[in-house]
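We use all heavy atoms of the structure for the numbers below, so side chains are in, but hydrogens, waters and symmetry mates are not. Reminder, nothing fancy here: chain letters follow the sequence lines and each chain counts from 1.
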2 protein chains.
Amino acid sequence: MQNKVGIAPVSGENLLFLTDDQLRRGIEAMFFAYRAFTSDPDLILADMDYGRAHHRALHFVHREPGLTVTALLDVLGVTKQSLNRVLRTLVEDGLVESRVGLRDRRERLLFLTEKGSALERRLSETQRARMRSAYRAAGPQAVAGFRQVLEAMMDRDTLRQFKALKDLSDPT
Amino acid sequence: MQNKVGIAPVSGENLLFLTDDQLRRGIEAMFFAYRAFTSDPDLILADMDYGRAHHRALHFVHREPGLTVTALLDVLGVTKQSLNRVLRTLVEDGLVESRVGLRDRRERLLFLTEKGSALERRLSETQRARMRSAYRAAGPQAVAGFRQVLEAMMDRDTLRQFKALKDLSDPT
DNA sequence: CTTATTACGTCAGGCTTGTTGACTTTCCAA
DNA sequence: TTGGAAAGTCAACAAGCCTGACGTAATAAG
């Protein structure tokens with residue numbers, strides 16, 4: 001079970017990067033990096049009455065204007081009751097507009113207002129700045145590896161969701 | 001602001017990986033991957049009366065047996081009231097042992113019991129299995145890039161904390 | 001030997017974000 | 001016309017975070 005350093009690798013290759021200690025370091029790196037990754041938006045959101053859930057909703061509505069509540073529910077992986085609370089405040093505060101569907105009038109199509117766009121831009125810019133700086137420091141090859149490992153960590157359905165999002169520029 | 005594809009890179013290099021769209025994809029990959037990353041332990045924890053906070057405490061106590069409450073507080077980045085609730089249940093349930101410090105009797109040194117070790121192992125093994133599979137699929141070079149980008153995403157203090165943890169096998 | 005500081009624990013109260021369950025309204029499609 | 005999907009609502013609850021205030025024990029500083 002404890003695949004310590006020094007024990008011969010299973011195959012002929014060098015599999016030192018698969019030792020339990022290396023895996024543990026990876027797990028910890030994910031924990032710390034994710035915390036840093038969310039810290040910038042959290043600071044901005046804390047001033048308003050919003051939280052991380054509002055940011056996520058804004059992000060995906062921005063990304064796919066006119067997506068339905070169900071689609072958003074699916075991508076966020078929460079219950080509609082939970083999302084509804086968040087969405088209601090965003091609509092009340094004039095950040096998100098909810099239009100009745102054209103094809104199917106039961107559906108609600110979600111759009112960002114000018115105000116909503118402005119907040120989304122402000123939030124995501126801090127996050128992109130951090131990402132940009134990390135990408136630049138690590139270089140293109142490291143970025144490719146970063147993306148490869150993250151995708152390999154997702155389970156089938158999550159990966160399908162991720163790929164289903166419009167990929168504007170990624171030729172991978 | 002919107003550094004679209006097709007606009008000439010700032011320097012002479014190919015900086016396509018730094019476009020806003022690429023950065024957005026990275027941000028989304030982090031979101032989805034982190035969710036997948038925590039899903040396995042969450043399933044196990046849901047059966048018991050424990051949550052993610054308990055897992056984190058178990059992880060770091062396992063990693064550094066005998067660490068003090070303050071040190072744990074520091075690495076987790078939460079308030080002592082929040083940690084105390086978690087720690088109390090873990091001690092009551094016989095997963096964590098809290099011994100009075102030898103050098104300084106105000107300090108409480110934290111250790112996992114046999115039972116605590118067993119749960120920690122069970123939780124972390126699911127997470128390592130996912131990480132192992134992702135690492136194996138992506139290959140050593142991708143893993144190196146993954147780690148590079150994650151570390152570059154951390155801010156100074158977080159990186160210091162991360163590096164301060166005993167690095168048993170990483171020669172980076 | 002006081003006094004201040006540190007480490008820890010705890011009580012009280014509040015917030016966000018998630019959950020189940022039950023119910024209604026609206027609307028498409030068989 | 002009727003069944004069922006989509007959306008929204010109300011209620012109740014829990015995890016997990018927070019701040020503020022207070023108490024105790026032990027060390028450090030004067």
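A 4.5 Å side-chain heavy-atom check between Gln81(B) and Asn84(B) finds every atom pair outside the cut-off. Side-chain contact between His54(A) and Met48(A) is absent, with no heavy-atom pair separated by less than 4.5 Å. With a 4.5 Å cut-off on side-chain heavy atoms, Arg88(A) and Glu92(A) count as touching.
Exactly one of Gln127(A), Arg130(A), Arg122(A), Glu125(A) qualifies for a side-chain contact (heavy atoms from CB on, under 4.5 Å) with Pro41(A). That residue is Gln127(A).
Atom CG of Leu45(A) is separated from atom P of dC17(D) by 18 Å (rounded to the nearest Å). Atom-to-atom, CG of Leu73(B) to C1' of dC18(D) comes out at 13 Å; the value is rounded to the nearest Å. Regarding Leu67(A), its CG atom lies at a distance of 15 Å from the P atom of dA6(D), rounded to whole Å. Remark: P of dA15(D) and CZ of Arg88(B) are 13 Å apart, rounded to the nearest angstrom. Atom CG of Leu76(B) is separated from atom P of dC18(D) by 10 Å (rounded to the nearest Å). The CE-C1' distance, from Met48(B) to dA15(D), rounds to 17 Å in whole Å. As rounded to whole Å, 18 Å separates atom P of dG20(D) from atom CG of Asn84(B).
For His54(B), a side-chain nitrogen or oxygen approaches OP1 or OP2 of dG16(D) to under 4.0 Å. Side-chain nitrogen and oxygen atoms of Arg52(B) include none within less than 4.0 Å of the OP1 or OP2 phosphate oxygen of dA14(D).
For the pair Glu107(A) and Tyr50(B), both in contact range of DNA chain D, the more 5′-proximal nearest nucleotide belongs to Glu107(A).
A distance of 6.0 Å separates CZ of Arg147(B) from OH of Tyr135(B), quoted to the nearest 0.5 Å. Here the straight-line distance linking atom CG of Leu109(A) with atom CG of Leu72(A) works out to 12.0 Å at 0.5 Å rounding.
Around the CZ atom of Arg156(A), the shell of radius 6.0 Å holds no more than 12 heavy atoms that belong to other residues, nucleotides or ligands.
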- Query: Reading nucleotides 19-30 of chain C from the 5' end, what letters show protein touch, with B for base, S for backbone sugar-phosphate only, - for no heavy atom under 4.0 Å?
  - Reply: BBBB---BBS--
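Among the protein residues, Asp42(A) comes within range of no part of the nucleic acid, since none of its heavy atoms lies under 4.0 Å from any strand.
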